[in-house]
Amino acid sequence: FFSPLVADAEMVGTPDPELAATMGFSGFGKKARTFDLEAMFEQTRRTAVERSRKVLESREREKEDQAEKEFRIPCTDSSVSASSATGPRSTLTEREAVCSESEDSSNEALSGPSVQAQSSAKGQAEDTDDDDEEFIGPPLPPGFKDSDDDNDDDTEEEDNNPVKKIPDSHEITLQHGTKTVSALGLDPSGARLITGGYDYDVKFWDFAGMDASLQAFRSLQPCECHQIKSLQYSSTGDVILVVSGNSQAKVLDRDGFPVMECIKGDQYIVDMTNTKGHTAMLNSGCWHPKIKEEFLTCSNDGTVRTWDVNNEKKHKSVFKPRSVQGKRVIPTTCTYSRDGKLIAAGCQDGSIQIWDRNMTVHTKFHCRQAHASGTDTSCLTFSYDGTVLASRGGDDTLKIWDIRQFKKPLNSADGLPSFFPMTDCCFSPDDKILVTGTSVKKGGGSGKLIFFYRETFQKVYEIEVTDASVVRCLWHPKLNQIMVGTGNGLAKVYYDPVKSQRGAKLCVVKTKRKERQAETLTQDYIITPHALPMFREPRQRSTRKQLEKDRLDPLKSHKPEPPVAGAGRGGRVGTHGVTLSSYIVKNIALDKTDDSNPREAILRHAKEAEENPYWVAPAYAK
């Protein structure tokens, strides 16, 4: 590998020092050496053995300085490989130069032989003890800690303190709109985020394609004028389930084009099992974690239904939650267990009911008083290990359950206000922390994201998100980033540059693109010089000249007709006209006489009215 470099160096010789300084390469004048690794290792071993013989006695006298010398060992190891064929003496001086920085940093003056010597002696002693292992160069002393060990200590410390794993050092804000962001979805790879809100919009955000302006690449209204309740990518990430305020769930592909729409049921049939679909507003929905074509919805018609993407004409199965009296009760949220074998629903009577996916009639587990009756249980989620169920209640509580002992919760936290029927809770990727958001009234402070330790339910951390409610939260296991939907139309992404992967880190480093002038042209003009006259487009002129021409054209500019001068013609009356009325009007308008005293003007006619009464007196004469 080095042979061409050696040949060039020998041919060039010693160049001009100014050239070396210009190129910033101080080693220009030195002759290059060839490196034989085996010879270097052998030379290092011999040097170590030779020095160990000389300093064996002094090593015994200096045992009390061992701790200090162990601290300096890394310097020694790095310098050993730098020994050259000039002999042990030159090697020693090089090593002392390398270690000089660490000597300056310590205030105590060290006495005795160099550390390399002692470690070499130890290396020789270990060689004699253990012939099977062949050490090349001085080995590490028992007290030395490698950098990998330090990293192990750090990870152990992080394991003991899960708060350090919360990625909240940085954040970006995506402006969805002005109304509540009521749904969030991330695809399994973490490349795309979808947000839905009370403004009926669903927006698509591509982290790899976005720049620092953080604009959505697509916005659509899949369900016309219905609020979006839930959005979720399937387990493969190729389709999206959209649950809105109407009775028909929709499935879109990755780009927002419709794939299927569930059928609407017959609302006049009493038994909900006999109708093909939901007949009332949907509340929630989710995909099966293992079967990519199956999904689940629950509705105000009192049913939980499973569907197949390939069959939109009828549901697969129906689950009907029942109250203690056996009456119909409305499910407000539903979910699959992590293995997909169980289906859980939170109901308006405060109960949580769980069925085996293959047995629709009777519940497998149920808890009647899980939350306060009459409140909307807004979220159910299973832990990653599948043994624990967390529920977020409309009674301002967060509870955690072992479904095998479903009578009372393992832990509970209260005082967590929730004003939305879709307030979320979720587990951290390592299953040690449970996260939920809190709601606030307008001007009532900040909505918070609160973190609880799963084992003890101790509140370990909180993030003040914004001056509005925190509705949705999502902690993606691959990205290790937390997505939050708020009540004022924001979608925030919390991440840590070190602990998080991809996601928001991809778009914040890209600068905003400038708009090119070419993009502002309204339409392109295609020049076809050899086309026949009937197919040839008229040559484009500048708009200003065209506007001036249009202004002169009376038809295009809608110029009003001028008044007729003189006598009227063509059915139009002239300026003054030739009729008596127009003459009188003209004369009245031209009469400029002004009687300053109106009383005198009236009394001027008093004598004439007495002598020759014409208007009033004859009427009353008889």
For this session: List the atom of Cys425, the atom of Leu398, and the distance in Å for their closest heavy-atom pair.
Result: CB-CD1, 3.8 Å
Please tabulate, one pair per line, all N/O donor-acceptor pairs under 3.5 Å involving side-chain atoms of residues 243-251, not counting sequence neighbours.
| unit_1 | atom_1 | unit_2 | atom_2 | d |
| --- | --- | --- | --- | --- |
| Ser244 | OG | Asn246 | OD1 | 2.7 |
| Ser247 | OG | Lys264 | NZ | 3.3 |
| Gln248 | NE2 | Cys262 | O | 3.0 |
| Lys250 | NZ | Pro222 | O | 2.6 |

Exercise. Between Gln175 and Gly177, is there a donor-acceptor pair closer than 3.5 Å when you use the side chain of the first and the backbone of the second?
Worked result: yes
Exercise. Would you say Tyr233 and Ile194 make side-chain contact, with heavy atoms under 4.5 Å?
Worked result: yes
For this session: Scan for salt bridge (Lys or Arg N to Asp or Glu O under 4.0 Å) pairs involving residues 274-284, sequence neighbours excluded, and state none if there are none.
Result: none
Exercise. Does any donor atom in the side chain of Lys165 or Ser428 lie under 3.5 Å from an acceptor atom in the other side chain?
Worked result: no
For this session: Check whether the side chains of Asn283 and Asn300 place a donor and an acceptor atom closer than 3.5 Å, and report yes or no.
Result: yes
Exercise. Is there side-chain contact between Tyr384 and Pro477, with at least one heavy-atom pair below 4.5 Å?
Worked result: yes
Exercise. Mind checking whether Tyr495 and His170 have side chains closer than 4.5 Å, heavy atoms only?
Worked result: yes
Problem set entry | Thr195 side chain to His176 side chain, donor-acceptor N/O pair below 3.5 angstrom | yes
Problem set entry | Minimum-distance pair of heavy atoms, taken over all atoms of Val259 and Glu312 | O-OE1, 4.5 Å
Exercise. With a 4.5 Å heavy-atom cut-off, do Phe427 and Val388 have their side chains touching?
Worked result: yes
For this session: Taking all non-hydrogen atoms of both residues into account, name the closest pair between Ser317 and Thr306 and its distance.
Result: OG-OG1, 2.6 Å
For this session: State plainly whether the residues Asp271 and Lys320 are in salt-bridge range, i.e. N to O under 4.0 Å.
Result: yes
For this session: Considering non-hydrogen atoms only, spot the tightest contact between Ser169 and Asp496 and give its length.
Result: OG-OD2, 3.2 Å
Exercise. Can you tell which of Asp402, Asp430, Asp431 makes a salt bridge (charged side-chain N to carboxylate O under 4.0 Å, His left out) with Arg454?
Worked result: Asp431
Problem set entry | Any side-chain heavy-atom pair of Asn480 and Pro429 under 4.5 Å | yes
Exercise. Are there more than 12 heavy atoms of other residues, nucleotides or ligands under 6.0 Å from atom CD of Gln369?
Worked result: no
Problem set entry | Minimum side-chain heavy-atom gap Arg357-His288 below 4.5 Å | yes
Exercise. Below 4.5 Å, heavy atoms only, C-beta onward: do Asp424 and Leu474 meet side chain to side chain?
Worked result: no
For this session: Please work out whether the ring planes of His315 and Trp307 are parallel, tilted or perpendicular, with thresholds of 30° and 60°.
Result: perpendicular
For this session: Please indicate whether Lys179 has more than 12 foreign heavy atoms, meaning atoms of other residues, nucleotides or ligands, lying under 6.0 Å from its NZ.
Result: no
For this session: Measure from the side-chain N and O atoms of Thr377 to the backbone N and O of Gly393, and report whether any donor-acceptor pair falls under 3.5 Å.
Result: no
For this session: Any chance you could measure Leu410, atom CG, to Thr456, atom OG1, to the nearest 0.5 Å?
Result: 12.5 Å
For this session: Go through Lys314 and Asp308 one step at a time and tell me if the salt bridge (Lys or Arg N to Asp or Glu O under 4.0 Å) criterion holds.
Result: CA-CA 9 Å; Lys314 193 177 190 299; Asp308 191 319; over 6 Å; no
For this session: Before giving the answer on side-chain contact (heavy atoms from CB on, under 4.5 Å), spell out for Thr397 and His371 the whole-Å C-alpha distance, their side-chain angles and the decisive distance to 0.1 Å.
Result: CA-CA 8 Å; Thr397 61; His371 290 281; 3.1 Å; yes
Problem set entry | Donor-acceptor side-chain pairing of Gln353 and Ser351 below 3.5 angstrom | yes
For this session: State which residues pass side chain to side chain donor-acceptor pair (under 3.5 Å) with Thr363; sequence neighbours excluded, sorted by chain then number.
Result: His366
For this session: Check whether any side-chain N or O of Lys399 sits under 3.5 Å from a backbone N or O of Pro409 as a donor-acceptor pair, and report yes or no.
Result: no
Exercise. Are the side chains of Thr236 and Trp287 in touch, meaning some heavy atoms are under 4.5 Å apart?
Worked result: no
Problem set entry | For the student: nearest non-hydrogen atoms of Thr423 and Cys379, plus distance | O-CB, 3.4 Å
Exercise. Counting N and O atoms only, with roles assigned by atom type, does the side chain of Arg338 sit under 3.5 Å from a partner on the main chain of Phe382, one being a donor and the other an acceptor?
Worked result: yes
Seminar exercise, completed: salt bridge (Lys or Arg N to Asp or Glu O under 4.0 Å) filter on Asp168, not counting sequence neighbours, yields none
Exercise. If you measure only the distance, is there a donor-acceptor pair under 3.5 Å linking the side chains of Ser378 and Asp376?
Worked result: no
For this session: Give, for atom CD1 of Ile482 and atom CD1 of Ile166, the distance between the pair rounded to the nearest 0.5 Å.
Result: 6.5 Å
Exercise. Can the ring centroids of Trp401 and Phe406 be said to lie less than 6.0 angstrom from one another?
Worked result: yes
Seminar exercise, completed: side chain to side chain donor-acceptor pair (under 3.5 Å) pairs touching residues 433-446, sequence neighbours excluded, are Arg392-Thr436
Exercise. Which pair of heavy atoms, one from Ala345 and one from Leu380, lies closest together, and at what distance?
Worked result: C-CD1, 3.6 Å
Problem set entry | salt bridge (Lys or Arg N to Asp or Glu O under 4.0 Å) assessment of Lys556 paired with Asp550 | CA-CA 6 Å; Lys556 284 187 178 177; Asp550 290 347; 3.5 Å; yes
Exercise. Do Met422 and Thr333 pass the side-chain contact (heavy atoms from CB on, under 4.5 Å) test, and can you show the C-alpha distance, the side-chain angles, and the key distance before you say yes or no?
Worked result: CA-CA 8 Å; Met422 65 279 296; Thr333 181; over 6 Å; no
Problem set entry | Backbone of Asp301 reached by a side-chain donor or acceptor of Arg328 within 3.5 Å | yes
For this session: Carefully, step by step, assess Cys223 and Glu261 under the rule side-chain contact (heavy atoms from CB on, under 4.5 Å).
Result: CA-CA 10 Å; Cys223 304; Glu261 182 178 23; over 6 Å; no
Which atom pairs, one a donor and one an acceptor, fall under 3.5 Å between side chains of residues 181-192 and the rest of the protein, sequence neighbours left out?
| unit_1 | atom_1 | unit_2 | atom_2 | d |
| --- | --- | --- | --- | --- |
| Ser182 | OG | Ile228 | O | 2.4 |
| Asp187 | OD1 | Gly190 | N | 3.0 |
| Asp187 | OD1 | Ala191 | N | 2.9 |
| Asp187 | OD1 | Arg192 | N | 3.2 |
| Asp187 | OD2 | Ser189 | OG | 3.0 |
| Asp187 | OD2 | Arg254 | NH1 | 3.2 |
| Arg192 | NH1 | Arg254 | O | 3.1 |
| Arg192 | NH1 | Asp255 | OD1 | 3.4 |

Exercise. Can you tell me if Lys203 uses its side chain to pair, donor with acceptor, with the backbone of Leu220 under 3.5 Å?
Worked result: no
For this session: Could you grab the distance from atom CD of Glu293 to atom NZ of Lys316, nearest 0.5 Å is fine?
Result: 8.5 Å
Exercise. Do Ser299 side-chain atoms and Met281 backbone N/O form a donor-acceptor pair below 3.5 Å?
Worked result: yes
For this session: To the nearest 0.5 angstrom, please state how far the CZ atom of Arg322 sits from the CG atom of Asp349.
Result: 11.5 Å
Seminar exercise, completed: When rounded to the nearest 0.5 Å, the distance separating OG1 of Thr486 from CG of Leu449 is 11.5 Å
Exercise. Does any N or O in the side chain of Thr375 come within less than 3.5 Å of the main-chain N or O of Ala372, such that one atom is a donor and the other an acceptor?
Worked result: yes
Exercise. Within the side chain of Asp253, is there an N or O that forms a donor-acceptor pair under 3.5 Å with the backbone of Asp238?
Worked result: no
Problem set entry | Any donor-acceptor N/O pair, His278 side chain to Ala280 backbone, under 3.5 Å | no
